[in-house]
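Before any comments, here is the structure.
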Amino acid sequence: MLRNLMPWLSSFALLALPAIAHAEEPTKSYPDCGREPTDAEVAAAKGAFQAGNASFNEADYARAIDYWEDAYRRDCTANPLLLNLARAYELAGRKRQAVVALETFLAREPGSGEKDQINRRIEVLKKKIAEEDAAAAAAPPPTAGPPTTTPATPPAEPVPGPAAAHRSIWPYITMGAGVVVTGIGIAGYVQAKNKGDELAQQCMPPGDRSNCPGPIKTQGDEQNKKMAVNSGVAIGGVVVVALGAVWWYLDGRRVEKANSGAAWLSEKPRFIPLVGPQVAGVGMVGAF
């Protein structure tokens with residue numbers, strides 16, 4: 001009985017092989033980072049990062065993944081490592097985990113200047129995954145034949161981390177505009193006061209503004225109004241300068257916070273081309 005069933009079982013196994021070979025790969029998520037790494041952990045992360053770079057340049061992507069995962073586990077603020085991991089996972093054929101790494105980076109670095117480029121990479125990877133799944137479902141059963149060889153994948157460069165944040169120019173422009181407005185107000189006030197003092201000399205006795213001819217008194221009142229208006233302009237300019245200074249301080253805190261995480265990943269930057277299906281550009285890689 002079992003002997004009669006063997007041909008049928010063999011045929012079923014051959015039909016199932018493509019689906020098994022392309023079964024959905026297991027993926028893992030990255031735990032939330034709720035603490036700052038210690039100096040010892042940062043030092044260990046640097047060592048693992050360097051070892052991962054060496055393995056990656058030798059096209060040993062599995063070992064590079066192990067090193068970089070260890071580095072990120074030790075310093076979970078080093079979010080640019082997720083971009084390196086995504087590239088290594090992609091080259092190792094683990095596209096789903098590459099998508100997880102990229103999406104985690106965007107969730108933890110929502111202000112990244114490379115957000116659009118990373119979203120395009122995610123779209124390309126998801127499209128490849130869908131195409132591979134469809135091809136696997138439609139693939140005929142494999143037949144015996146001579147073994148095929150897959151050409152070796154040339155070493156690839158790690159993908160770049162996010163560019164360093166820089167101060168905005170607008171706080172400086174705001175403070176400059178405030179200084180100009182303050183200067184205009186002070187100059188207008190001084191001019192109106194000098195003119196009023198000249199008119200007061202025509203009063204009797206000179207300087208007694210309470211006893212001036214009608215036309216002189218009218219002109220003096222106009223200069224007093226100009227002094228009040230220009231005083232307001234000068235005060236407004238000072239307020240603008242103060243607001244610009246507060247903006248400058250807060251912007252400095254923003255830049256410091258943006259560049260504080262995993263600063264050790266961006267030492268000695270160098271630029272490399274990034275070319276792939278529907279993706280092209282220039283990236284920056286950190287090295288020690």
Side-chain angles (χ1 to χ4, degrees), residues 33-36 77-80 105-119 160-271 281-284 286:
C33 182
R35 65 179 182 84
E36 291 294 327
T77 66
N79 293 321
F105 175 82
L106 290 180
R108 298 184 180 185
E109 298 287 345
S112 171
E114 299 184 30
K115 183 176 181 179
D116 293 340
Q117 179 183 352
I118 294 171
N119 277 323
H166 299 284
R167 279 187 175 274
S168 170
I169 193 175
W170 291 107
Y172 298 98
I173 293 176
T174 300
M175 288 188 288
V179 170
V180 171
V181 171
T182 301
I184 292 173
I186 293 174
Y189 176 88
V190 172
Q191 184 179 11
K193 185 178 184 305
N194 291 338
K195 182 63 175 178
D197 291 343
E198 291 178 3
L199 291 171
Q201 296 302 315
Q202 301 180 34
C203 300
M204 296 300 293
D208 184 2
R209 302 192 182 196
S210 62
N211 187 21
C212 296
I216 300 299
K217 185 176 185 304
T218 300
Q219 294 180 45
D221 291 341
E222 291 178 356
Q223 298 306 315
N224 289 336
K225 291 179 181 178
K226 290 182 180 180
M227 289 170 62
V229 170
N230 283 285
S231 295
V233 171
I235 293 173
V238 172
V239 171
V240 172
V241 172
L243 291 175
V246 172
W247 189 358
W248 175 85
Y249 172 77
L250 295 176
D251 188 59
R253 295 293 300 274
R254 174 190 65 83
V255 172
E256 180 181 356
K257 181 178 179 181
N259 292 334
S260 62
W264 49 271
L265 282 174
S266 58
E267 300 176 14
K268 299 180 182 178
R270 56 194 176 92
F271 293 91
V282 176
M284 183 177 68

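Treat the numbers as computed from the prediction; the structure is a model and nothing was measured.
Between Pro171 and Gly244, the closest heavy-atom pair is CB-O, 3.9 Å. Minimum interatomic distance between Glu36 and Thr77 (heavy atoms only, all atoms of both residues): OE1-CG2, 4.0 Å.
Lys195 NZ to Gln219 CD: the interatomic distance, rounded to the nearest 0.5 Å, is 6.5 Å. With rounding to the nearest 0.5 angstrom, the CZ atom of Arg167 is 5.0 Å from the CH2 atom of Trp248. A distance of 9.5 Å separates OG in Ser112 from CG in Asn119, rounded to the nearest 0.5 Å. Of the inter-residue distances, the one linking Glu109 atom CD with Asn79 atom CG reads 4.5 Å to the nearest 0.5 angstrom.
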Could you give the side-chain donor-acceptor pairs of residues 176-193 under 3.5 Å, partners two or more places apart or in another chain?
{"unit_1": "Thr182", "atom_1": "OG1", "unit_2": "Gly178", "atom_2": "O", "d": "2.8"}
{"unit_1": "Thr182", "atom_1": "OG1", "unit_2": "Gly237", "atom_2": "O", "d": "3.4"}
{"unit_1": "Thr182", "atom_1": "OG1", "unit_2": "Val238", "atom_2": "N", "d": "3.1"}
{"unit_1": "Lys193", "atom_1": "NZ", "unit_2": "Asp197", "atom_2": "OD2", "d": "3.2"}

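The closest donor-acceptor contact from the side chain of Asp251 to the backbone of Trp247 lies at 3.5 Å or more, if one exists at all.
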